[in-house]
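Atoms considered below: every heavy atom in the structure, side chains included; atoms not considered: hydrogens, waters and symmetry mates.
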Amino acid sequence: MRNNLKVERARHNLTQAALAEKAKVSRQTINAIESGKYIPSTVLALRLSAIFGLPVNALFELEEEDRA
């Protein structure tokens, strides 16, 4: 799964720590999502979507191998 979290975080001038606080997770969780090492739960994906005011699929996108 690809994500645009780092791009949106930069657009909103948020540090990983600030986004983590808003999303009620650790900074390490945000880092792991951005680096593709962790796939967020549905609840967290929806929470991040609400923070940025974007649909979930604007932040997270399935890669071809994930579609099968």
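Inter-residue side-chain proximity for Leu19 and Leu5 is flagged as met; some heavy-atom pair is nearer than 4.5 Å. Counting heavy atoms from C-beta outward, Asn31 and Tyr38 have side chains that stay 4.5 Å or more apart. The shortest distance between side-chain heavy atoms of Leu48 and Glu8 does not fall below 4.5 Å.
Interatomic distance, NZ of Lys22 versus CD1 of Ile30, reported as 12.0 Å (0.5 Å rounding). In this structure, Asp66 CG and Glu61 CD are separated by 10.0 Å, a value rounded to the nearest 0.5 Å. Met1 CE to Ile39 CD1: the interatomic distance, rounded to the nearest 0.5 Å, is 4.5 Å. Note that NE2 of His12 and CG of Leu54 are 6.5 Å apart. Values are rounded to the nearest 0.5 Å. Taken to the nearest 0.5 Å, the CZ atom of Arg9 stands 12.5 Å off from the CD1 atom of Ile51.
When all heavy atoms are compared, the tightest approach of Arg67 to Leu62 is NH2-O, 3.2 Å. Of all non-hydrogen atoms in Pro40 and Leu44, the two that sit nearest each other are CB-CD2, 3.8 Å. Between Val56 and Ala45 the shortest heavy-atom distance is CG2-O, 4.0 Å.
Residue Asn13 qualifies as open at atom CG: its count of foreign heavy atoms under 6.0 Å is 12 or below. Within 6.0 Å of CD on Glu21 lie no more than 12 heavy atoms contributed by other residues, nucleotides or ligands.
Judged purely by atom type and a 3.5 angstrom limit, Arg47 uses its side chain to pair as donor or acceptor with the backbone of Ala23. Side-chain N or O atoms of Asn4 include one that pairs as donor or acceptor with a backbone N or O of Ala58 at under 3.5 Å. Under a 3.5 Å cut-off, the side chain of Arg27 and the backbone N or O of Ala20 do not form any donor-acceptor pair.
Under the 4.5 Å side-chain heavy-atom criterion for Ile, Leu, Val, Met, Phe, Trp and Tyr, Val7 and Phe60 are members of distinct hydrophobic clusters.
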